[in-house]
Trainee: 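Once you've had a glance at the structure underneath, I'll fire off some questions.
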Amino acid sequence: MNYWLVKSEPGAYSWDDFTALGRDHWDGVRNYQARNNMMAMKAQDRVLFYHSVKDKEVVGIAEVVREHYPDPTTDDTRWVVVDLAPVEKLPKPVTLQQIKADERLANIALVKQSRLSVMPIKEEEYDIILSLAYDK
DNA sequence: GCCAACGTTGGC
DNA sequence: GCCAACGTTGGC
């Protein structure tokens with residue numbers, strides 16, 4: 001089991017949009033590093049759903065339900081999508097501020113590489129983020 | 001709304 | 001193959 005974090009601007013595509021659909025393909029990734037991360041995703045991997053720009057917080061957990069396949073929104077064969085389904089909404093969103101304030105999370109890509117939209121998360125880091133979501 | 005960081009493109 | 005110009009992302 002691997003762990004990931006994906007970003008979306010809530011104005012463009014929010015957690016609520018995602019849960020309303022129940023399942024959706026994650027399209028529009030046009031960055032090689034992010035694409036490579038998606039290609040490494042396996043069914044059942046856990047994916048943190050992060051709202052960028054406006055909220056700047058992790059809002060929910062999703063699950064990979066279909067591994068990568070060609071992006072149906074483009075003819076360009078370089079790009080792929082995965083299918084994700086919501087698992088649960090976090091009882092309390094974990095803000096970027098909280099993540100930055102926690103020294104155990106100092107090395108996650110969300111902080112180090114702010115422009116990457118699909119990134120791997122270590123299991124320990126995933127656990128820490130969930131503990132922040134559930135403890136407070 | 002601004003701008004820093006960074007990825008991509010294209011001229012040479 | 002280098003690098004300047006340009007576009008985009010996302011935090012502030």
Side-chain angles (χ1 to χ4, degrees):
Chain A
M1 166 95 64
N2 290 304
Y3 302 91
W4 309 92
L5 182 146
V6 297
K7 291 190 200 173
S8 184
E9 281 198 46
Y13 188 87
S14 70
W15 172 259
D16 286 342
D17 295 331
F18 177 51
T19 52
L21 290 167
R23 167 183 178 139
D24 199 9
H25 53 268
W26 200 258
D27 65 26
V29 171
R30 298 290 181 268
N31 167 284
Y32 290 109
Q33 209 180 337
R35 191 274 313 262
N36 291 344
N37 289 331
M38 290 210 299
M39 291 177 76
M41 288 184 184
K42 298 293 180 194
Q44 277 128 58
D45 281 357
R46 288 294 192 256
V47 181
L48 296 173
F49 194 111
Y50 175 82
H51 277 169
S52 64
V53 183
K54 193 162 171 262
D55 300 339
K56 285 166 289 178
E57 57 193 18
V58 179
V59 291
I61 305 168
E63 172 185 20
V64 177
V65 291
R66 182 176 170 192
E67 292 170 17
H68 70 91
Y69 56 99
D71 188 335
T73 65
T74 175
D75 291 332
D76 193 327
T77 53
R78 291 177 298 169
W79 308 116
V80 302
V81 297
V82 294
D83 285 359
L84 301 179
V87 173
E88 61 183 316
K89 186 174 184 170
L90 298 181
K92 182 158 191 198
V94 179
T95 65
L96 180 63
Q97 215 172 10
Q98 278 178 282
I99 290 169
K100 283 189 163 176
D102 195 315
E103 61 189 16
R104 297 169 300 170
L105 298 173
N107 287 314
I108 77 169
L110 187 65
V111 176
K112 289 258 164 176
Q113 234 183 316
S114 65
R115 294 189 51 200
L116 186 61
S117 61
V118 179
M119 66 193 76
I121 296 285
K122 292 197 191 83
E123 186 172 3
E124 308 90 85
E125 295 164 343
Y126 179 86
D127 289 342
I128 292 164
I129 290 169
L130 288 206
S131 72
L132 293 171
Y134 285 90
D135 285 355
K136 299 190 177 176

Trainee: Taking the six-membered ring for Trp and the single ring otherwise, decide whether the centroids of W79(A) and Y32(A) are under 6.0 Å apart.
Mentor: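 For W79(A) and Y32(A), the ring centres are under 6.0 Å apart.
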
Trainee: Out of Y50(A), W15(A), W26(A), F18(A), which one pairs with S8(A) under the side-chain contact (heavy atoms from CB on, under 4.5 Å) rule?
Mentor: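 It is W26(A), the one option of Y50(A), W15(A), W26(A), F18(A) that forms the side-chain contact (heavy atoms from CB on, under 4.5 Å) with S8(A).
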
Trainee: Report the residue (Y32(A) or V53(A)) whose heavy-atom-nearest nucleotide on DNA chain B is the more 5′ of the two.
Mentor: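 So the residue in question is V53(A).
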
Trainee: N31(A) side chain: which of dC12(C), dG10(C), dG7(B) is closest?
Mentor: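 Nearest nucleotide to the side chain: dG7(B).
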
Trainee: Closest to the R115(A) side chain: dG11(C), dG7(C), dT8(B)?
Mentor: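 Minimum distance to the R115(A) side chain belongs to dG7(C).
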
Trainee: Round to the nearest Å and state the distance from M119(A) atom CE to dT9(C) atom C1'.
Mentor: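 Those two atoms, CE and C1', are 12 Å apart.
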
Trainee: Given atom CZ of R78(A) and atom P of dG7(B), what is their separation to the nearest angstrom?
Mentor: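 In whole Å, dG7(B) P and R78(A) CZ are 16 Å from each other.
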
Trainee: Whole Å only: how far is the CG atom of D55(A) from the P atom of dG11(C)?
Mentor: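 Result: 11 Å.
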
Trainee: Is there a side-chain contact between K7(A) and the phosphate of dG10(C), meaning an N or O under 4.0 Å from OP1 or OP2?
Mentor: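 True: K7(A) side-chain N/O within range (under 4.0 Å) of dG10(C) OP1/OP2.
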
Trainee: Figure out the CD/P separation between Q113(A) and dG7(B), and round it to whole Å.
Mentor: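 Nearest whole value for this atom pair: 6 Å.
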
Trainee: Specify the separation, in whole Å, of atom CG of L96(A) and atom C1' of dG10(C).
Mentor: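 Answer to the nearest Å: 10 Å.
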
Trainee: Side-chain N or O of Y50(A) versus OP1/OP2 of dG11(C): is the shortest distance under 4.0 Å?
Mentor: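 Yes, Y50(A) has a side-chain N/O under 4.0 Å of OP1/OP2 on dG11(C).
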
Trainee: Side chain of K100(A), heavy atoms from C-beta onward: which of dG7(B), dG11(C), dG10(C) has the nearest atom to it?
Mentor: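 In terms of side-chain proximity for K100(A), the closest of dG7(B), dG11(C), dG10(C) is dG11(C).
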
Trainee: Over how many whole Å does the gap from L110(A) atom CG to dC6(B) atom P extend?
Mentor: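 Going from CG in L110(A) over to P in dC6(B) covers 14 Å.
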
Trainee: Mark yes or no for whether D45(A), through its side chain, and V64(A), through its backbone, hold a donor-acceptor pair below 3.5 Å.
Mentor: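 Side chain of D45(A) to backbone of V64(A): no pair is present.
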
Trainee: Examine distances only and state if a side-chain atom of R35(A) and a backbone atom of R78(A) form a donor-acceptor pair shorter than 3.5 Å.
Mentor: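 Indeed, once roles are kept as given, a pair shorter than 3.5 Å links the two residues.
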
